[in-house]
Amino acid sequence: MRPNYLILILLVLMIVIGIFMSRDPEHAQRLSQMYRDASFQGETREIVLMLLALGIGGFIVYLTMTRR
């Protein structure tokens, strides 16, 4: 079996399971609470975004300088 078909099958399976699990209100509520608890809040979010922007900017500069 080609890897493309395997990836497609896994994506379809993930979508079907996601639809099935989101129909259960109790599970959907717990999942929503988990997402809220795992997210960055306040100043931490700003620091993470700044580090991400610096990392992406540094990578772009690196690619620009090393490419001839």
Applying side-chain contact (heavy atoms from CB on, under 4.5 Å), name anything that partners [X], two or more places apart in sequence or on another chain.
X: Gln29; answer: none
X: Ile17; answer: Leu13, Met21
X: Ile15; answer: Ile19
X: Ile56; answer: Leu52, Ile60

Could you name each residue pair satisfying side-chain hydrogen bond (donor to acceptor under 3.5 Å, both in side chains) that touches residues 41-54, not counting sequence neighbours?
Ser39-Gln41

Under the side chain to side chain donor-acceptor pair (under 3.5 Å) rule, collect the residues that match up with Asp37, sequence neighbours excluded.
Gln33

Could you give the distance from CZ (Arg36) to CG (Leu31), rounded to the nearest 0.5 Å?
10.0 Å

Gap separating the OH atom of Tyr5 from the CG atom of Leu10, nearest 0.5 angstrom:
15.0 Å

For Met50, does the CE atom sit with more than 12 other heavy atoms under 6.0 Å from it, leaving out its own atoms?
no

